[in-house]
Novice: 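This is the structure I want to talk about, given as structure tokens.
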There are 2 protein chains.
Amino acid sequence: MPDPTPHPQRDVRPTLEAVAAHAGVSRATVSRVVNGGAGVRQPLVDQVRKAVDELGYIPNHAARTLVTRRNGAVAVIIDEPEFRIFSDPFFSRQIRGISRELNAHDAQLVLLLVEGRGDFDRVTRYLAGGHVDGVLAFSLHTDDELPAIIRRFRVPAVYGGRPERPPEGDGAGTPVPYVDCDNRGGAREAVRHLVSLGRRRVAHIAGPRDQTSALDRIDGYRDVLPDADPALTVDGDFTADGGARAMERLLEVRPDLDAVFVANDLMASGALRVLRARGVRVPEEVALVGFDDMASVAEATDPPLTTVRQDVEGMGRLMVRLLMERLDHGAGEWPASVVTPTELIRRASA
Amino acid sequence: MPDPTPHPQRDVRPTLEAVAAHAGVSRATVSRVVNGGAGVRQPLVDQVRKAVDELGYIPNHAARTLVTRRNGAVAVIIDEPEFRIFSDPFFSRQIRGISRELNAHDAQLVLLLVEGRGDFDRVTRYLAGGHVDGVLAFSLHTDDELPAIIRRFRVPAVYGGRPERPPEGDGAGTPVPYVDCDNRGGAREAVRHLVSLGRRRVAHIAGPRDQTSALDRIDGYRDVLPDADPALTVDGDFTADGGARAMERLLEVRPDLDAVFVANDLMASGALRVLRARGVRVPEEVALVGFDDMASVAEATDPPLTTVRQDVEGMGRLMVRLLMERLDHGAGEWPASVVTPTELIRRASA
DNA sequence: GTGAAAGCGCTAACAC
DNA sequence: GTGTTAGCGCTTTCAC
């Protein structure tokens, strides 16, 4: 006789078997009903549903996943320190879009936090172990291990933002699609706007060079101002404080500047803070254009920021849709990457 | 003969079986090695490890969970709109603590976002389906469905913050422990400090009444000032804007107030903004004390906030430890709830 | 110390 | 339509 209490916390949840017995049908029938009930006669369906309710049956996820190879969950991985994730509204907006769309697909969002190198092992085990059906990865950096992991284990994935290298194969030779906004075009529009305002010494506070969004925005700036003094471009880190520091440097090096295109709103808010502290009038003396159009930042500054809008929430939703397409149609049909348009939003800072 | 290609995206990952064959041992031995290798002779261990590496074997999570009933993942659920989660540093700090401690236990953090009623169904399925070993729940509101779900499905859980009702049984009669700071004591200390400064008309901007942290802080305020004019207490919502609105109301009703104890730093920053806009000098005319001591908020205001510190990150870690204890020792031994001390941090605002 | 074998709870052919 | 049956990949007694 088998030990009746093998586990200290014996699971008391009813199984399919129990429901079947209770309803007087076979396990297969219960399974069919639980999974939509297609091809089962109505009276039986009702009978089973009743048994399910009475027993409080909930399917065991592991057992189901073991056979279907699907688990209705998608991981979101953002390779940024958690303080950035939780302070940059950009991420929260994108996550909102993803969350909504995932809900619509009845899938669970699993947010994986990565802090530091060592974490990749854990994340690898998590992804390769099949906890999730796919992954949405953001904020990829040049030296990121994630793409390699994704390729190696053929994890269905969609990138948020163009990865450094051209979209790689996932091991089966199919490329990993990405969703990105037209960073370069948006930057061009921002700088052209500044130029159209009569500004002649337009500086640029750039984002970290290991992210394509930052590089693309630099390119956009240079497209319009190919002969700009290199000293007019300084690097930031996409945080408000970083923007402030960059602005201070800029003011030291080129106190004569009359405009700044800042690679994101958060840095622009920091730059603005410095400008105000120095008594520099915005936009009269120095015009400022940001990027992102994060309402909570761009509308809260004084003056409000002129900026380049990207539909972050929409991009999040799009990422989910691409991933779902891939999941539904198999590895054979990879959806293409998509680049979404940007729009210049004029407020008071330029 | 069975169909060799049942699934379109056939899983090419090696199984235990494959590793066993490759290493020339049994599945049982491979399993033992993969799970620590206790009781297996060294040469065999090496042999198996080699096979694992060569084949790039990663255990299938679902299969393992099916038999062990453990899956090495813990859910964190915060029943707040996502903009709050991502804008209040309180959550990011707590999540950091949890994340670190979970890493130390080699467990995966799964952040579940709940937006609105309908989401509870999904979350219920997720929890009851056994995707995670346990759950850490925060920011419980009076009408929250989560406790009921947790009780009904006997999900091992630990609450962040004392729930409204006294800790409920989890269905087996054992209470769900919580980790909270001494809100009432901290509030008392804050108000006493204001009183010791000679302030006589101390107002209170409270948090939402459906959270015990807010209620406890009100109680602490009343402990010290039982006879305070009820008009001196107005409700906020723990956001900066809410704090600003509350301050405006307060200024209308009792323009003679000379101090405010604000239930959290974020609201205090909003209140401060209003005070400055009105030209009210802080702390000369109105002294201000906050709660939480979120560095990014309390140190960034002008003047910096005097506030009540709670060790948020530590509380997060503690929650994980309590949950792990419960997981390791079974449902029999429930760890007790813990209330952590607070500390008044004096800065310039009071 | 190691292997053989019995399931964990479920889905999906395949019979009937 | 519905039931029977064979696994999914793993852990874990239980023999040896």
Side-chain angles (χ1 to χ4, degrees), chain A residues 1-21 23-48 52 55 57-72 125 128-131, chain B residues 1-21 23-48 52 55 57-72 125 128-131:
Chain A
M1 191 182 117
D3 180 0
T5 55
H7 292 286
Q9 23 174 338
R10 182 154 188 74
D11 199 329
V12 289
R13 280 180 203 145
T15 68
L16 243 206
E17 182 98 48
V19 177
V25 299
S26 73
R27 279 153 52 201
T29 299
V30 178
S31 176
R32 288 183 189 111
V33 172
V34 168
N35 292 296
V40 179
R41 247 191 284 268
Q42 197 53 44
L44 263 200
V45 171
D46 296 339
Q47 208 168 315
V48 172
V52 166
L55 266 45
Y57 170 74
I58 296 227
N60 177 302
H61 162 72
R64 176 178 282 179
T65 298
L66 186 54
V67 29
T68 61
R69 266 102 219 295
R70 274 274 213 154
N71 49 36
R125 286 202 313 270
H131 279 77
Chain B
M1 190 182 118
D3 180 0
T5 55
H7 293 285
Q9 23 176 337
R10 183 153 187 75
D11 201 347
V12 290
R13 280 177 204 148
T15 68
L16 244 205
E17 181 97 48
V19 177
V25 298
S26 74
R27 277 151 55 200
T29 299
V30 178
S31 176
R32 289 182 188 112
V33 173
V34 168
N35 293 296
V40 178
R41 248 191 285 269
Q42 196 53 44
L44 263 202
V45 170
D46 296 339
Q47 207 168 317
V48 172
V52 165
L55 266 46
Y57 170 74
I58 295 224
N60 177 302
H61 161 72
R64 173 177 284 179
T65 298
L66 186 55
V67 27
T68 61
R69 269 98 218 295
R70 274 273 214 154
N71 50 36
R125 286 202 313 272
H131 279 76

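Predicted, not measured: the structure shown is a model, and the values here were computed from it. In what follows, chains are A, B, ... by sequence order, proteins preceding strands, each numbered from 1.
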Novice: Within this structure, what is the CG-to-P distance between A/L16 and D/dT2, rounded to whole angstrom?
Specialist: 16 Å

Novice: When the C1' atoms of the five terminal pairs at each end define the local axes, what inter-axis angle does the helix from C/dG1-D/dC16 to C/dC16-D/dG1 show, to 10 degrees?
Specialist: 40°

Novice: A/S31 side chain N/O closer than 4.0 Å to the phosphate oxygens (OP1, OP2) of C/dT11?
Specialist: yes

Novice: To the nearest 0.5 Å, what is the distance between NE2 on A/H131 and CZ on A/R125?
Specialist: 9.5 Å

Novice: What distance do B/H61 atom NE2 and A/H61 atom NE2 have between them, rounded to the nearest 0.5 Å?
Specialist: 5.0 Å

Novice: It should be established whether B/N35 places a side-chain nitrogen or oxygen under 4.0 Å from OP1 or OP2 of nucleotide D/dT11.
Specialist: yes

Novice: Could you tell me the separation between the CG atom of B/L66 and the P atom of D/dG9, rounded to a whole number of Å?
Specialist: 12 Å

Novice: Flag the pair B/T15 / B/N60 as yes when at least one side-chain heavy-atom distance between them is below 4.5 Å, and no otherwise.
Specialist: no

Novice: Of B/R32 and B/A63, whose closest DNA chain D nucleotide lies nearer the 5' terminus?
Specialist: B/A63

Novice: May I ask you to say what A/V25 touches in the nucleic acid, namely base, sugar-phosphate or nothing, with a heavy-atom cut-off under 4.0 Å?
Specialist: sugar-phosphate

Novice: Out of C/dG9, D/dC10, C/dA12, which has the shortest distance to the side chain of B/N60?
Specialist: D/dC10

Novice: Take the protein atom CZ of A/R70 and the nucleotide atom C1' of D/dC8, then report the distance between them rounded to whole Å.
Specialist: 17 Å

Novice: Does C/dA5 have OP1 or OP2 under 4.0 Å away from a side-chain N or O of B/R27?
Specialist: no

Novice: Give the residues of residues 41-48 of chain B touching DNA chain C, defined as any heavy atom closer than 4.0 Å, sorted by residue number.
Specialist: B/R41, B/L44

Novice: Out of curiosity, A/T29 OG1 to A/L16 CG, how far, rounded to the nearest 0.5 Å?
Specialist: 10.5 Å

Novice: Strictly below 4.0 Å: does B/T15 bring a side-chain N or O up to OP1 or OP2 of D/dG9?
Specialist: no

Novice: Taking only side-chain nitrogens and oxygens of A/T29, does any of them come within less than 4.0 Å of OP1 or OP2 of D/dG3?
Specialist: yes

Novice: Side-chain N or O of A/T68 versus OP1/OP2 of C/dT11: is the shortest distance under 4.0 Å?
Specialist: no

Novice: In whole angstroms, how far is the C1' atom of D/dC8 from the NE2 atom of A/H61?
Specialist: 14 Å

Novice: Round to a whole Å and report the spacing from CG of A/N71 to C1' of D/dG9.
Specialist: 15 Å

Novice: Without decimals, in angstroms, what is the distance between B/E17 CD and D/dG7 P?
Specialist: 12 Å

Novice: Nearest-Å distance, CZ (B/R64) to C1' (C/dC10)?
Specialist: 20 Å

Novice: 5'-most contact on DNA chain C: B/G24 or A/P59, nearest heavy atom basis?
Specialist: B/G24

